[in-house]
Structure formats: C-alpha cells, structure tokens
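As structure tokens, the structure follows; a few thoughts come after it.
Counting starts at 1 for both ligands and their atoms, in listed order.
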Amino acid sequence: MTRLGVNIDHVATLRQARGVKYPDPITAAALVEMAGADGIVVHLREDRRHIQDRDVHILSETVKTKLNLEMAATPEMVKIALEAEPHMVTLVPEKRRELTTEGGLNVVGNKGALEKTIAQLKDSGIVVSLFIDPNSKQIEASKEVGANFVELHTGHYCDATTKDEEDKEYKNLLDAVGIAFDLDLGINAGHGLNYFNVRRVAEINEIEELSIGHSIVARGVLVGLDRAVRDMIELIK
Ligand code: PXP
C-alpha cells in the first residue's frame with residue numbers, strides 16, 4: 001500500500017506569520033502520526049521562512065514514524081542533517097524568491113558535488129532521496145551519484161489544465177517510475193497533490209510513499225475551524 005508522508009511546513013508558516021509559539025509543528029507532527037500517517041516531512045529552507053532549526057532537532061527526537069528532512073545540498077544543511085540524523089534526507093533545489101520548490105534537482109549538471117554530499121549523508125546512516133523531474137536522464141544520474149531513492153516531481157501532472165495534458169504528464173510519470181524501478185531505486189513522489197488529483201498517482205504500485213503538505217494543512221484549517229470557533233465562544237460566554 002502506498003504510504004503517506006505529511007509535510008507540515010505550513011503549520012510553521014502560520015506560526016512564523018506572528019512570530020509566536022503556536023501552532024507548533026511538533027504538536028502537529030504528533031497529531032499527524034496519531035491519525036495514521038507513515039512519516040513526517042519538513043523542509044528547512046535557507047531563509048528559514050517556516051521550519052526552524054529547533055523544529056528539526058526536536059522532531060528528530062519526537063517523531064515516532066520516520067522523519068524526512070528536505071533541504072538544499074549545502075554545507076550548512078549537511079551539518080544540520082548530520083547532527084539531527086533524520087531517517088531520510090531529500091535533496092531539493094532551492095531559490096530564495098520562489099513560493100515553493102519549483103522544479104526538480106539538476107542531478108546531471110551537479111554530479112560531482114551531489115555524489116560527495118550523498119556519500120557523507122549515507123555514511124552516517126541517512127537514507128538519501130533526490131527530488132527530480134520525471135526525466136530519464138535525471139533518474140539515471142541519480143543512480144550514478146548513489147541516491148537510494150528518487151522523489152518524482154508530480155507538479156506538472158498536478159498543474160495540467162486539460163485532460164490531454166494531464167494524461168500526457170501522467171504517462172511521463174509512469175515512464176519515469178518504470179525507469180527508476182528497473183534501476184532498483186526506491187520511488188517516492190509528490191508536490192501539488194490534493195484531494196482531487198491524488199488517486200491516479202496512488203494507483204502506481206511502484207511508488208512507495210507520497211509526500212503531501214499544502215492540501216492537507218489547508219483542509220486541516222477548514223475542517224478544524226468549526227470546533228475552534230465553538231471553543232472560543234465557550235470561553236468568552
Ligand atoms: N516534495 C517536495 C520535494 C517538496 O518540496 C514539497 C513542497 O514542500 C512537497 C513534496 C509537498 O508539496 P505540497 O505542499 O504541494 O503537497
């Protein structure tokens with residue numbers, strides 16, 4: 001069965017919007033696990049716009065399932081990962097001005113540096129995944145640099161605006177899954193998945209885990225709002 005890793009970055013986004021202590025992603029992670037998720041995913045960005053170093057360190061102690069740390073392949077992040085020792089590191093490209101991770105990692109163009117970073121992480125027992133576009137060259141290069149897993153970027157499939165385009169991107173994803181599977185790479189997928197587009201991706205048996213964040217946190221706000229308002233009315237009555 002496809003596993004679910006829940007990305008809780010946007011719980012931290014809400015906290016950072018006010019610079020207060022809540023909502024705490026640590027509490028969110030515990031609730032996510034109690035609801036049955038298979039793993040917790042956080043992206044420690046260079047600009048620290050949502051998840052903070054403190055979150056990563058505490059989560060590495062408190063997560064009972066598996067912690068997947070998304071990060072750029074920089075010396076600063078590698079140092080943090082080696083200290084926190086998450087179960088998995090997913091290396092992602094990072095641009096300061098982007099709203100969210102835009103494209104996959106260019107593994108083909110950065111083989112030397114990635115090989116070194118991956119070896120460092122693997123040497124301390126961390127499973128390494130590379131977030132890449134569903135592209136044969138990037139998948140082959142991921143194998144060559146020693147990655148254990150690839151996380152296939154589902155953004156193009158999710159952003160498709162017509163059925164034809166969606167079918168084309170889905171076929172592309174299926175082809176990529178086939179290539180990665182033949183190379184004996186573990187396969188995760190994610191980005192942009194929501195309650196309307198997830199089914200077809202979840203049907204792909206070779207995909208081990210889906211990494212989903214924004215849509216789940218967004219739904220959490222709406223399904224939780226009724227109770228939150230009732231709790232406040234009760235207090236001020
Ligand atoms: N996978 C990676 C590598 C990501 O960077 C993100 C976004 O943080 C996700 C999955 C989750 O994407 P979304 O928030 O759109 O579900």
Element-labelled atoms of ligand 1 that are located less than 4.0 Å from some non-hydrogen atom of [X]:
X: Ser211; answer: 1 (N), 10 (C), 11 (C)
X: Ile212; answer: 16 (O)
X: His214; answer: 13 (P), 14 (O), 16 (O)
X: Asn7; answer: 8 (O)

Does a salt bridge link Arg48 with Asp55, judged by any charged N lying under 4.0 Å from a carboxylate O?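 Here Arg48 does not pair with Asp55 in a salt bridge, since their nearest N and O are not under 4.0 Å apart.
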Which one holds for His153 and ligand 1: side chain close, backbone close, both close, or neither close, with close meaning a heavy atom under 4.0 Å?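 No part of His153 comes within reach of ligand 1.
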Going by the rule ring pair (Phe, Tyr, Trp, His ring centres under 6.0 Å), which residues pair with Phe149 if we only count those two or more places apart in sequence or in a different chain?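 Expected list: none.
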Sub-3.5 Å N/O-N/O distance, [X] and ligand 1:
X: Glu70; answer: yes
X: Gly192; answer: yes
X: Gly190; answer: no
X: His10; answer: no
X: Ser215; answer: no

Using the ring of Tyr22 (Phe, Tyr or Trp, six-membered ring only), decide whether Arg15 places NZ or CZ under 6.0 Å from its centre and within 45 degrees of its axis.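 Not satisfied by the 6.0 Å and 45° rule.
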Mind checking whether Val92 has a heavy atom under 4.0 Å from ligand 1?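 Yes, that is the case, since the closest heavy atom of the residue is under 4.0 Å from the ligand.
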Donor on one side chain, acceptor on other, Glu33 and Thr65, under 3.5 Å: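 Side chains of Glu33 and Thr65: pair found under 3.5 Å.
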So, Thr162 versus Glu166: side-chain donor-acceptor pair below 3.5 Å or not?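 No, no side-chain donor-acceptor contact under 3.5 Å.
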Heavy-atom donor-acceptor pair, Glu46 side chain to Glu94 backbone, under 3.5 Å: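 Such a contact is absent between Glu46 side chain and Glu94 backbone.
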So, using salt bridge (charged side-chain N to carboxylate O under 4.0 Å, His left out) as the criterion, who are the partners of Glu83 when residues are at least two apart?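 Here the qualifying residues are Lys79.
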Ignoring hydrogens, just give me the one of His191, Glu151, Arg45 whose non-hydrogen atom is nearest atom 1 (N) of ligand 1.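 Looking at heavy atoms only, Glu151 sits closest to atom 1 (N) of ligand 1.
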Please state whether the rings of Tyr170 and Tyr157 are parallel, tilted or perpendicular, taking 30° and 60° as the class boundaries.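 Correct class here is tilted.
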